[in-house]
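A short worksheet on the structure shown next.
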Amino acid sequence: MSDQTDRKWKFCPWCGGVLSTKFLEGRDRLYCGEEDRCLYENPLPATTSIVIDEGKILLVLRNREPGLGQWALPGGFIETGESPVEAAARELKEETGIRAYDPELIDTIHQESAFYQTTILIIGYRFDRFEGNITAGDDAGDARFFPIDEMPSIAFESHVSMIRKALAGGSNTP
Ligand SMILES: [Zn+2]
């Protein structure tokens with residue numbers, strides 16, 4: 001496993017100068033003295049997908065950290081140029097093999113991540129229609145539908161919250 005102990009930038013990504021810290025606009029910020037400018041740090045945007053079929057929910061067994069060896073919703077980080085819903089559908093295809101349609105925005109949750117040492121902004125979609133067979137891939141060791149009342153424990157509190165909201169607000173809640 002890669003060393004996650006210090007992911008803070010040490011050098012300016014524009015000029016390569018050594019960064020320091022400066023208190024500005026209410027908080028400590030990374031500061032490039034060479035250019036006299038601060039680096040503004042923002043949350044990492046990610047998506048997660050909820051696919052429910054006949055009272056069962058699709059989960060993936062994670063084969064890497066964070067949440068190694070635990071079940072979670074399919075999902076991952078949004079890439080530059082992708083819309084959130086495109087990212088959700090892409091990750092779903094990569095991890096479970098299915099193509100999903102009819103997205104419904106469930107919620108946006110932010111969570112502090114000890115692993116990534118930053119805030120993760122998670123945008124959750126429910127997909128009510130899909131095609132294809134379930135085939136685990138990418139960073140999923142397994143992908144499977146579980147009866148909603150027999151779900152295994154879920155790796156992330158944000159995913160538990162997203163599932164709860166999807167079930168509460170969904171149109172065809174079992
Ligand atoms: Zn610089």
Side-chain angles (χ1 to χ4, degrees), residues 1-51 58-100 103-127 136-141 143 153-166:
M1 194 180 121
S2 60
D3 183 12
Q4 297 284 342
T5 53
D6 186 4
R7 290 176 58 92
K8 290 288 177 197
W9 288 337
K10 295 176 183 65
F11 300 97
C12 175
W14 292 289
C15 76
V18 176
L19 293 173
S20 58
T21 301
K22 187 175 185 177
F23 190 81
L24 184 75
E25 295 168 6
R27 61 198 285 175
D28 282 330
R29 300 178 190 278
L30 292 172
Y31 175 72
C32 174
E34 298 283 326
E35 300 177 279
D36 186 28
R37 67 165 159 180
C38 285
L39 279 68
Y40 291 87
E41 296 178 272
N42 305 109
L44 272 178
T47 64
T48 194
S49 295
I50 293 157
V51 179
L58 181 58
L59 299 176
V60 294
L61 185 64
R62 296 186 54 85
N63 64 6
R64 65 177 74 159
E65 296 288 3
L68 174 70
Q70 294 180 276
W71 293 90
L73 291 170
F77 292 108
I78 301 172
E79 299 200 51
T80 302
E82 260 184 336
S83 73
V85 74
E86 284 168 350
R90 174 183 54 76
E91 290 283 352
L92 195 56
K93 180 78 170 67
E94 288 172 3
E95 295 181 355
T96 73
I98 64 170
R99 286 194 184 282
E104 177 193 355
L105 179 63
I106 298 299
D107 202 3
T108 302
I109 294 174
H110 72 279
Q111 181 170 38
E112 296 308 313
S113 168
F115 183 80
Y116 291 107
Q117 294 190 17
T118 189
T119 306
I120 312 290
L121 184 73
I122 305 160
I123 304 166
Y125 292 95
R126 174 175 173 153
F127 291 92
D138 198 35
D139 51 357
S153 78
I154 304 294
F156 311 114
E157 189 53 43
S158 57
H159 287 194
V160 173
S161 172
M162 203 67 86
I163 292 168
R164 198 177 298 130
K165 282 173 179 166

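Ligands are counted one by one from 1 in listed order, and the atoms in each one are counted from 1 as well. The chain is numbered in sequence order, starting from 1. Values below: all heavy atoms of this structure, side chains included; hydrogens, waters and symmetry mates excluded.
Without hydrogens or angle criteria, E95 side chain to G75 main chain gives a donor-acceptor distance under 3.5 Å. Here the side chain of R126 pairs a donor or acceptor atom with the backbone of A166 at under 3.5 angstrom.
Taking the ring centroids of F156 and F115, they lie at or beyond the 6.0 Å cut-off.
To the nearest 10 degrees, the angle centred on the Zn ion (ligand 1) between SG in C12 and SG in C32 reads 110°.
The name of the N, O or S atom in E35 nearest to the Zn ion (ligand 1) is OE1.
Distance check for E34 against the Zn ion (ligand 1): none of its N/O/S atoms falls below 2.8 Å.
In this structure, the side chains of L39 and P13 come closer than 4.5 Å at one or more pairs of heavy atoms.
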